Amino acid sequence: RDSLAWMGFDCDSASWSRKSGSRNLAFLNDLGPSYSFLEMIPLSENEVEVRGFHLDSDGDISLELASSLLSADERERAQAFRFPVHQDRYIRGRGMVRHCLAEHLQQDPKNLVFELEDRGKPFLKNNELYFNLSHSEEKAALAISRLPSLGIDIEQFDREVDIPAL
């Protein structure tokens, strides 16, 4: 049985590592307007790729670039958020989803068509690639796979715990 691929991300150092079977690739997160993220390794049927990124700065994807990738419906939804910080986070999150999926599919991110499941979870129409996006405050994680049941969750941990008192 093939091993499941994994990718780890450290948001503070912006370093990535990826291992699958005998492949081992280390690289830096360098997503910018040039789209020069990395040389894409096609996902096998049992691999899951996880990418972490920031939603509050242009370091991972610029707001301008992310906004340019969105559909009219996505831009309308972004405008429905009351606070600009939430609008910007939505735009960067959806822009990154489009960018990363388009890399794997070798398509223009603007041409990706999404539909919603009964519970409102988006999926790619007419495609065998699945994804799940999770975000908490300014950080986000995106999982991409050919596995249909895919989920990821991150949470901001911001409370202090008195370890000795435990």
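Only heavy atoms go into these numbers, but all of them, side chains included; no hydrogens, no water, no symmetry mates. These figures come from a predicted structure and were not determined experimentally.
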Next on the checklist: Is the positively charged end of R94 above the ring of F114, judged by distance under 6.0 angstrom from the centroid and angle within 45° of the axis?
Outcome noted: yes
Checklist entry - Above 12 or not: heavy atoms from other molecules or residues under 6.0 Å from CZ of R75? => result yes
Checklist outcome for this item: Scanning both residues in full, the closest heavy-atom pair of R98 with S71 reads NH2-CB, 3.8 Å
Next on the checklist: Is there a side chain to side chain contact (heavy atoms under 4.5 Å, CB included) between L124 and V113? Walk through the geometry before answering.
Outcome noted: CA-CA 6 Å; L124 277 173; V113 178; over 6 Å; no
Next on the checklist: With side chain to side chain contact (heavy atoms under 4.5 Å, CB included) as the criterion, how do E64 and D58 come out once you've worked through the C-alpha distance, each side chain's angles and the decisive distance to 0.1 Å?
Outcome noted: CA-CA 9 Å; E64 180 181 355; D58 286 345; over 6 Å; no
Next on the checklist: Rounded at 0.5 Å granularity, tell me how far CD in E138 sits from CZ in F53.
Outcome noted: 12.5 Å
Item to check | Verify same cluster id: F131, L112 (apolar side-chain graph, 4.5 Å) | outcome: yes
Sequence neighbours excluded and cut-off under 3.5 Å, please list the side-chain donor-acceptor pairs for residues 143-152, or say none.
residue : atom : partner : partner atom : Å
S145    : OG   : E47     : O            : 2.6
S145    : OG   : L147    : N            : 2.9
R146    : NE   : L43     : O            : 3.2

Item to check | Considering all heavy atoms, the nearest A102-D108 contact | outcome: CB-C, 4.2 Å
Next on the checklist: Are there over 12 heavy-atom neighbours, none belonging to E117, within less than 6.0 Å of that residue's CD?
Outcome noted: yes
Checklist entry - Quick one: CE on M96 to CD1 on I91, what's the gap to the nearest 0.5 Å? => result 14.5 Å
Checklist entry - Going by atom types only, do N46 and S44 share a side-chain donor-acceptor pair under 3.5 Å? => result yes
Next on the checklist: For the backbone of L55 and the side chain of D60, can you confirm whether one donor and one acceptor N or O come within less than 3.5 Å of each other?
Outcome noted: no
Next on the checklist: Can you list, by chain and residue number, the hydrophobic cluster partners of V85 when the side-chain cut-off is 4.5 Å?
Outcome noted: F83
Next on the checklist: Quick test of your reading of the model: are R92 and D56 salt-bridged, counting only N-O distances below 4.0 Å?
Outcome noted: no
Next on the checklist: Any salt bridge linking R51 with E49? Criterion: basic side-chain nitrogen under 4.0 Å from a carboxylate oxygen.
Outcome noted: yes
Item to check | Donor-acceptor pair, side chain of Q87 and main chain of F81, under 3.5 angstrom | outcome: yes
Checklist entry - Should L142 and L129 be regarded as members of a common hydrophobic cluster, given that ILVMFWY residues are connected when their side-chain heavy atoms come within less than 4.5 Å of each other, either directly or indirectly? => result yes
